[in-house]
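This report concerns only the one structure given below.
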Amino acid sequence: MPPTHSRSVQGETRDMTTPPTSAIEAQRRPKVEPRSEKSKPTGNPEHIRIADYSFYYGMSQALHTIDLAIPERQATALIGPSGCGKSTLLRNINRMNDLIDGIRHEGDITIAGESIYDPFLEVISLRKRIGMVFQKSNPFPKTIYENIVYSLRVAGRNKKSELDETVETSLKAAALWEEVKDRLNQSAFSLSGGQMQRLCIARAIANRPEILLMDEPCSALDPIATGKIEDLIHELKREYTIIIVTHNMQQAARVSDRTAFLYMGKLIEYDETEKIFMDPADPQTEAYVSGRFG
Amino acid sequence: MTNPPPTTSTRPQPPAGETYVWVTGMGLTIGLVMILFLLGLILRNGIGVFWPRRVAEVTFREERDTRFREGLRTLGVILLEQDRDIRDLTPEQIESPDPADRREKQLFIGNRDVYGQSFAFFNAGNIAAIDYPDNVIRAERLEWGDALLFPVRLHSRDGVEILADDPAFDGTLNRLVREVGDRRREINRIERFAIGRINLQMRDLELRERFFARQDALTPEQEAEYATVRQRMAELQAEYDPLAAQAGVLRARQMEYTLDYRVISGEARSMPVGHIVHYYYPNRLNTPARVRLMAHHIWDFLSGYPREANTEGGIFPAIFGTFVMTLIMSIAVMPFGVMAAIYLREYARQGSLVRAVRIAINNLAGVPSIVFGIFGLGFFVYLVGGTIDNLFFPQALPTPTFGTGGIMWASLTLALMTVPVVIVATEEALAAVSRGVREGSLACGASKWQTIQRLVLPASAPGILTGLVLAMARGAGEVAPLMLVGVVALAPNLPIDSMFPFIHLERKFMHMGFHIYDLGFQSPDSEAAKPMVFATTLVLILLVVVLNLLAIMVRNHLRKKYAADTF
C-alpha cells in the first residue's frame with residue numbers, strides 16, 4: 001500500500017497567504033525551485049519511450065517523428081503553444097485518440113518496454129495502468145464514493161472493504177479526504193470546481209496505475225485550487241510517473257523535473273526543467289519560455 | 001396628399017415597435033384558442049353526461065294542435081334549446097311576433113321501448129308550462145335505455161303487493177334493486193368465470209378428442225389418453241351441470257318482483273325489477289346528493305361493462321384494452337428502439353450510410369398509420385400468426401388462434417409504428433451525454449459497453465423516457481391500424497383474466513379510440529350514443545394526460561438524480 005499523503009502545513013499556509021499567481025506575475029522568467037531530492041533519478045529512465053512517433057488525423061500530420069524517453073516516478077511537462085500537438089501526444093499514450101475516426105500513426109510508444117500497439121495487448125488493460133486527468137473536470141453523475149470506485153467496479157472488484165479502503169487512500173492522496181469524508185454519498189456535482197478536479201485525480205489513481213497523464217489539469221481553476229493541485233503533483237510523483245500538459249510555463253517550472261517543448265508537432269527541445277528555463281539550447285525554446293511568442 | 005413627403009420624413013418618428021410580435025403571437029393565440037375550445041367542449045359535455053339532471057314535465061299549449069303521442073304533456077330532460085333551421089319553419093312561424101316560435105328544445109324522453117326513440121325536439125313556442133313532478137323515477141335498465149316513469153305498484157309472484165303511495169314502497173324498491181344487483185354479479189361470476197373456465201378446458205379436450213377420432217389406429221398409449229380425455233370431459237360436464245342449474249335458479253329469482261308503472265302518455269307498463277340496474281328520483285335530490293350520484297355514475301362508467309351495443313353501461317373493457325395494448329407496445333418498443341439508437345449513435349461509423357439510415361427512420365415516423373396497419377395484417381397476422389397456427393395449433397384449424405387479429409399483433413404493429421419516435425429521442429439523449437464523461441470512463445479502464453451501461457444510459461434515461469411517452473401517447477390514441485389487426489367493438493373477454501395462462505395475447509380487445517369511432521359513427525341511434533362519445537373521449541384524453549404527467553414526473557426525478565447537464 002502506498003503511503004497516504006496529506007498536505008503539509010507549509011503548503012496550506014502558502015496557499016492562503018501568497019497565491020502562486022501573484023508570484024508568477026512578478027517574474028517574467030520563472031525561477032526553478034531548488035530541488036535536492038527530485039534530481040535523483042530513482043527508477044527506469046525510459047519508463048515511457050516514444051520512438052520516432054508520427055501521428056496523423058486523416059490527411060493532416062499532428063506529430064512529426066517525436067522521440068523522447070520519460071523517466072519513472074518523475075513529473076515531465078509538455079509545453080508549447082496551442083495546437084502544437086502536446087495534448088495529442090498525451091492522449092496517444094493511453095490510446096484515447098483511438099476514439100477518433102481516420103487516425104494513423106508511425107513509430108511506436110512503449111511502456112516499460114512493451115509496445116502499447118501490441119496486438120495482443122487489450123487497450124482496456126493498457127488504460128488500467130494509466131490514469132488520466134482531463135482539462136475540464138469530468139466527474140461522473142454519481143456519488144463521490146461511486147466516482148472513486150468506478151475503475152474498480154468496471155474491473156469487477158466489488159468487495160466492500162476494498163472499495164472503502166480505496167476511497168479513503170485515494171481521497172487522502174488527492175488531499176480531498178478531510179473536505180468530503182462526511183459526504184461521500186452526495187453527488188459529485190455538489191463539489192466546487194477545484195474539489196471536482198481533485199476528485200478526478202483521486203479517481204485516476206484509485207486503480208493504482210503506474211502512470212498519471214494530466215491534460216492541463218489547472219486551466220479551469222482559480223489560483224488557490226491550482227496551488228493545491230500543484231502541491232498534489234509534488235506528492236504524487238513519488239509514486240507515479242506523471243506527464244503533465246500545460247500552457248502555463250510557471251506551472252511547468254514549478255512542478256516538473258523534465259520539460260519537453262513542442263512546436264508545430266515537432267519536439268524542439270527536451271531536457272531537465274532547469275535547463276529548459278534557464279539555458280535553453282534552441283532559440284525557439286528561448287523565445288517561448290521568455291514569453292516572446294506562444 | 002396634404003403633407004408633402006419631405007416634411008413628414010424630417011419629423012422625428014417614434015420607434016416603430018416589434019411588428020412580428022403580433023404576427024407570431026397571433027399564431028400561438030389561434031392554436032391555444034382552438035385547443036382550449038376543444039378541451040372545454042369535451043370537458044363540458046363529457047362531465048355533463050354524469051350529472052343527474054332534473055326531469056321536466058312539459059305541457060303544450062292547448063290551442064296549438066301539438067300532441068306527443070296523443071298527450072298534451074310529455075316528460076323529459078331538457079338538454080338544449082336552439083334556433084330552428086329556417087328551412088323547417090312555416091311562413092306563420094317566420095312571421096310570428098314570439099321569437100320562441102323559431103326556437104326548439106331537445107328533450108331526452110327515454111322509454112325507447114314505448115316511443116321508439118330516446119330524444120325528441122319540440123317547438124319552444126308550443127310549450128305552455130314546464131313543471132318538475134316530484135315522484136318521477138329515472139331508471140337505468142338492462143335494455144331499452146333509461147325509463148322515465150311514474151311508479152304504480154310492486155308485486156311479486158307470491159302475491160305480495162306494495163302500492164307506490166305506501167310508505168314502505170321506496171325502501172322495498174331500494175332493497176330489491178340492490179338484491180338483484182348482487183344476484184346479477186353472482187350470475188356473471190358463475191357464467192363468465194366458473195362456466196367460462198370449464199368451457200375453455202372443454203374446448204382443449206374437444207380438440208384432442210377430434211385428433212384421436214381422426215386417427216385410423218391408436219397405439220395403446222393413445223388409447224389410454226383418449227380414454228382419459230373422454231373421462232375428463234364427462235367430469236367437466238358433471239361440474240358444468242350444477243353451475244348451469246344454479247345460474248338458472250338465480251335468473252328465475254331476478255324475475256320474482258315486477259314493477260308496474262305508467263309513462264307520461266298514460267300507458268301502463270311493467271317490468272321485472274331484475275331489469276333495473278339503478279334508479280333515482282331526479283327531482284327530489286339536493287346538490288350534495290346529486291354530486292354523490294354523479295360520482296356513482298362516473299364510477300359505473302369507468303368500471304362497468306358496456307350494454308346495448310355499447311350505448312349504455314361502462315367502458316371498462318375499452319380502458320383496460322387500451323392500457324394493456326399500450327403496455328405491451330411499450331415493452332416491445334423500448335428495448336428495440338433503445339438498442340437500435342445505441343448502435344446508431346455509439347457503435348456505427350458515422351458516415352453517409354448511417355445518415356441515410358437516420359433519414360429513413362425519420363421518414364418512417366411520417367408514414368400514414370394505416371400503412372402500418374396493413375403491414376401488420378399481412379406480416380404479423382397472416383404470415384407470423386398463420387405460421388404459428390400451423391405449427392402449434394393445427395388441431396384448431398380452420399378456426400385461427402394467432403392467425404387473426406389480436407392484442408399482441410396490434411401492440412406489435414403500434415410498436416413498429418412508434419419505434420422511430422423512440423430511436424430519435426434516444427439518439428438525441430445519447431448525443432447529449434458529454435464527451436468528457438465518456439473519456440473519463442474509458443480512461444478508468446472501462447470498456448465501451450461498460451461506459452454505455454454505467455454512465456451513458458443512466459444519464460440519458462430522462463430523454464429516453466420522453467421518447468417513450470411520445471410513443472405511448474401516439475400509440476394510445478391511434479385507431480386506424482388497430483381496426484385491421486385486432487380491435488373489436490365488443491370483446492367477450494378481457495386480454496388478461498384469471499383463467500390460465502392469464503395473459504391471452506391472441507384475444508381480440510376493445511380500445512377507446514375505436515370505441516369512440518364505433519359509438520359515434522356505427523351505432524343505430526347516434527343521438528343516444530353522443531353522451532357516451534363525449535364521455536369516452538374525455539376519458540381517453542385524461543388517460544393520455546395522466547400517462548404524460550406520470551412520465552414527466554419520472555423524468556424530472558431522474559434528471560435530478562443524474563444532473564449532469566451542468567457541464
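Scope of the values below: all heavy atoms of this structure, side chains included, with no hydrogens, waters or symmetry mates. By convention in this document, chain letters (A, B, ...) are assigned in the order of the sequence lines, proteins followed by strands, and residues within each chain are numbered from 1.
From A:R153, atom CZ reaches atom CZ of B:R454 across 7.5 Å, with rounding to the nearest 0.5 Å.
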Under the side-chain contact (heavy atoms from CB on, under 4.5 Å) criterion, do B:E439 and A:M132 qualify, and how do the steps go? CA-CA 9 Å; B:E439 288 187 341; A:M132 187 166 187; over 6 Å; no
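Contact record, A:Y150 with B:S441: OH-OG, 2.7 Å, taken as the closest heavy-atom pair. B:G445 approaches A:K128 most closely through the heavy-atom pair O-CE, 3.6 Å. Between A:R203 and B:G440, the shortest heavy-atom contact is NH2-CA, 4.0 Å. The shortest non-hydrogen separation linking B:V437 to A:P141 is CG1-CD, 4.4 Å.
When the shell of 6.0 Å around OH of B:Y20 is examined, it contains 12 or fewer heavy atoms from other residues, nucleotides or ligands. Annotation: B:F323, atom CZ; neighbour count of heavy atoms from other residues, nucleotides and ligands within 6.0 Å does not exceed 12. Counting non-hydrogen atoms of other residues, nucleotides and ligands closer than 6.0 Å to CZ of B:F336 gives a total of 12 or fewer. In the displayed structure, B:Y343 atom OH is contacted under 6.0 Å by at most 12 heavy atoms of other residues, nucleotides or ligands.
In terms of non-hydrogen atom pairs under 4.5 Å with chain B, the most contact-rich of A:I124, A:L99, A:I130, A:V133 is A:I124. The choice from A:R95, A:Q135, A:R129, A:R127 that makes the most heavy-atom pairs within less than 4.5 Å of chain B is A:R127.
When heavy atoms are compared at a cutoff of 4.5 Å, B:R435 approaches chain A solely by way of its side chain, counted from C-beta outward.
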